[in-house]
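Reviewing the structure listed below.
Values in this document were obtained by computation on a predicted structure and should not be read as measured data. Order of appearance sets the numbers: ligands from 1, and atoms from 1 within every ligand.
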Amino acid sequence: MIALRGHHFLCTLHYRGAGYSTDFTDNFTALCDGVRAAGAVDVEVAAMADPICTACPSLQPDGQSCQYQESIMRRDHALLDAMGWEPGRVMSLDDAHWAVLARREELMGQVCVGCEWLPRCQEKGPYGLMSPLTRSQADGR
Ligand code: SF4
């Protein structure tokens, strides 16, 4: 099982190897590789920091809060409120991703405004390493 904070249900659909630092991308890619190897995993909705955050340069010494805490929490709440999900909820990662994919445009309009990665995510589409659109392919990179 993995854990994802709210807005990362969108980010994991789009992540293709770019990020804030080498440590961040190495960690994120390893998480994607783990999901791809497992095939089917459950996901728990995290209240704050998740395994993607652990290698982020913006993670604070408390291991939970972010340098940009207010905007990050706003993104999390926007996704979770729209989906009707609460921290602690456990579900199939594929089911969660398909549900988010079905509302991708609407959700990005609420969650991603102001994110520096938005042009790239829009250009590349929802074909990231953890996306069910990509994981069914032999090599989605
Ligand atoms: S635009 Fe930002 S918040 Fe939205 S999916 Fe991309 S990286 Fe995540």
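The side chain to side chain contact (heavy atoms under 4.5 Å, CB included) test with H14 is passed by exactly one of R120, K124, M130, M108: M108.
Atom CD of E106 sits in a crowded spot, with more than 12 heavy atoms from other residues, nucleotides or ligands closer than 6.0 Å.
The nearest protein atom to atom 2 (Fe) of ligand 1, hydrogens excluded, is given as C115 SG, 2.3 Å; this is a heavy-atom distance. Nearest protein neighbour of atom 6 (Fe) of ligand 1, counting heavy atoms only, is C121 SG, 2.4 Å. Closest protein heavy atom to atom 4 (Fe) of ligand 1: C112 SG, 2.4 Å. Given atom 7 (S) of ligand 1, the protein heavy atom at minimum distance is W117 CB, 3.6 Å.
Y15 and T25 share no side-chain donor-acceptor pair at under 3.5 Å. For the residue pair T12 and H97, a side-chain donor N or O sits within less than 3.5 Å of a side-chain acceptor on the partner.
Contact annotation for C11 and ligand 1: heavy atoms of both the backbone and the side chain come within less than 4.0 Å of the ligand.
Short contacts between ligand 1 and L118, defined as distances under 4.0 Å to a heavy atom of the residue, involve ligand atoms 1 (S). Near L10, meaning under 4.0 Å from one of its heavy atoms, ligand 1 places the atoms 5 (S).
Not one N/O/S atom of H14, from backbone or side chain, sits under 2.8 Å from atom 4 (Fe) of ligand 1.
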